[in-house]
Amino acid sequence: QSKVWKPDGSVGVPMGPDGKAMQAANWRHSEQPLQNIDELAFILEELQKDASACVIRGKLKGAVNEVDGTVRRDNETFSDEPVHWLMVDVDKFSPVVADPVIAGADAVWEFILCELPDEFHGASYWWQLSSSAGKPGAEGILKAHIWFWLSEPTNGATLTAWAKATGAAIDAAVFRTVQIHFTALPICEGGVIPPTERADADRWGFQRGILADEVPLDLTPYRCDSWN
């Protein structure tokens with residue numbers, strides 16, 4: 001689920017009838033074949049409209065529930081297979097030049113130039129401010145998801161080893177097999193309008209690379225088998 005902006009000014013997770021946070025154990029699963037960054041960007045743009053959808057890296061290997069067609073989101077059900085796409089989760093970067101809430105595109109570009117290796121600088125990417133971007137207390141912090149297309153498909157274990165070895169400003173948790181990648185726009189209750197939803201705000205978009213559509217990242221020294 002996406003984050004919920006409430007009339008009292010708070011930002012939180014959706015709550016169920018029992019007053020507890022909604023955390024689904026069973027999910028409906030579908031697999032979308034992708035050939036390039038353009039197809040990835042199209043799917044991500046569509047997923048923004050669905051607050052109950054998300055993306056994971058894992059490939060289905062386990063059983064589907066015969067009664068309701070759902071699957072368990074765990075390492076017994078999904079395997080860590082190589083994929084071309086890569087999502088960078090940005091949560092604590094403070095841009096020097098760009099306003100991370102209103103000028104999202106500029107803030108994301110500043111992050112890429114300052115924090116990611118050179119291989120990312122000339123490649124295409126699709127970006128989106130997270131649903132909690134601009135929340136009270138985090139006005140000057142960039143909270144965003146940046147999606148790239150790697151020239152070679154890579155599994156999560158390899159990306160984790162690379163991120164730790166290079167010291168890149170990347171949260172390696174997103175490379176886990178069943179880690180949720182949130183894609184929906186925020187849920188707004190009681191007429192609340194988050195600052196990222198203002199008419200003059202820049203909250204998502206696609207940037208065509210000046211050099212290539214793919215990131216030519218050499219991960220040979222970090223190749224390793226999946227942990228599941």
Side-chain angles (χ1 to χ4, degrees), residues 1-5 11-14 21-60 64 68-74 77-78 80-91 100-101 104-105 107-108 111-112 123-135 142-150 153-154 156 159 170-171 173-189 193-194 196-197 201-209 213-215:
Q1 280 276 11
S2 184
K3 292 290 178 64
V4 178
W5 286 70
V11 181
V13 297
M22 296 174 61
Q23 295 181 338
N26 296 313
W27 297 72
R28 296 194 180 279
H29 170 267
S30 64
E31 187 171 324
Q32 179 66 49
L34 299 173
Q35 301 297 320
N36 51 52
I37 187 69
D38 293 276
E39 294 183 4
L40 174 63
F42 176 81
I43 290 297
L44 293 172
E45 184 175 341
E46 290 297 304
L47 286 175
Q48 290 189 114
K49 308 169 188 175
D50 189 348
S52 65
C54 65
V55 174
I56 63 172
R57 293 183 57 86
K59 182 177 180 61
L60 184 65
V64 176
D68 60 10
T70 63
V71 298
R72 297 284 298 182
R73 186 178 59 86
D74 56 34
T77 308
F78 292 90
D80 180 25
E81 300 295 326
V83 295
H84 277 281
W85 60 265
L86 161 72
M87 192 270 270
V88 175
D89 186 6
V90 186
D91 195 45
V101 176
V108 166
F111 170 84
I112 293 173
S124 298
Y125 58 90
W126 190 90
W127 67 274
Q128 176 197 58
L129 296 184
S130 68
S131 56
S132 62
K135 71 178 183 178
L142 177 63
K143 293 179 175 293
H145 302 152
I146 314 173
W147 301 72
F148 296 92
W149 191 266
L150 300 178
T154 306
L159 289 170
I170 294 174
D171 181 3
V174 297
F175 304 140
R176 296 171 184 165
T177 304
V178 294
Q179 182 74 18
I180 287 178
H181 296 49
F182 291 106
T183 53
L185 297 174
I187 300 170
C188 303
E189 296 183 345
I193 301 179
T196 57
E197 307 308 307
D202 191 13
R203 84 162 336 274
W204 65 271
F206 177 71
Q207 178 62 50
R208 181 69 67 187
D213 283 336
E214 303 177 348
V215 178

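Quick note: numbers below take in every heavy atom, side chains included, and nothing from hydrogens, waters or symmetry partners.
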- Message: Donor-acceptor pair, distance only, cut-off 3.5 Å: does the side chain of Ser124 make one with the backbone of Gly209?
- Response: yes
- Task: Would you name the heavy atoms of Asp68 and Arg28 that are closest together and state the gap between them?
- Result: O-NH1, 2.5 Å
- Task: Go through Lys135 and Lys143 one step at a time and tell me if the side-chain contact (heavy atoms from CB on, under 4.5 Å) criterion holds.
- Result: CA-CA 10 Å; Lys135 71 178 183 178; Lys143 293 179 175 293; 4.3 Å; yes
- Query: Is the shortest heavy-atom distance from the side chain of Trp127 to the side chain of Asp202 under 4.5 Å?
  - Reply: yes
- Do you know the tightest heavy-atom contact between Ser131 and Arg203? CA-NH2, 4.3 Å
- Query: Can you check whether Trp27 reaches Thr77 side chain to side chain, under 4.5 Å on heavy atoms?
  - Reply: no
- Query: Taking side chain as C-beta onward, heavy atoms only, is Ile43 less than 4.5 Å from Val55?
  - Reply: no
- Query: Side-chain contact, heavy-atom cut-off 4.5 Å: Asp171 with Asp91?
  - Reply: no
- Task: Kindly indicate whether the side chain of Asp38, heavy atoms from C-beta on, has any atom under 4.5 Å from the side chain of Asp213.
- Result: yes
- Note on the structure: Closest non-hydrogen atoms of Val101 and Leu129, given as atom of the first, atom of the second and distance, are O-CD1, 3.7 Å
- Smallest separation among heavy atoms of Phe206 and Tyr125, with atom names: CD1-O, 3.4 Å
- Message: So Phe148 and Val88, do their side chains get closer than 4.5 Å, heavy atoms only?
- Response: yes
- Note on the structure: CG of Asn36 to CZ of Phe42, rounded to nearest 0.5 Å, is 12.5 Å
- Is Asp80 paired with Arg176 through a side-chain N to carboxylate O contact shorter than 4.0 Å? no
- Message: As a quick check of understanding, evaluate side-chain contact (heavy atoms from CB on, under 4.5 Å) for Arg72 and Asn26, giving each step before the final call.
- Response: CA-CA 5 Å; Arg72 297 284 298 182; Asn26 296 313; 3.0 Å; yes
- Is Leu44 close to Gln128 at the side-chain level, that is, under 4.5 Å between some pair of heavy atoms? no
- Item | Separation between CD of Gln35 and CH2 of Trp149, rounded to the nearest 0.5 Å | 7.0 Å
- Note on the structure: For Asp74 and Val178 the tightest heavy-atom approach is O-CG1, 3.7 Å
- Given side-chain contact (heavy atoms from CB on, under 4.5 Å), test His181 with Arg57 step by step and report yes or no. CA-CA 9 Å; His181 296 49; Arg57 293 183 57 86; 4.0 Å; yes
- Which atom names give the shortest non-hydrogen contact between Ala41 and Trp126, and what distance separates them? CB-CD1, 3.5 Å
- Message: When you compare the side chain of Thr183 with that of Glu46, does any pair of heavy atoms fall below 4.5 Å?
- Response: no
- Message: Set out, in order, the CA-CA distance, both residues' side-chain angles and the distance that settles side-chain contact (heavy atoms from CB on, under 4.5 Å) for Leu86 and Val215, then state yes or no.
- Response: CA-CA 10 Å; Leu86 161 72; Val215 178; over 6 Å; no
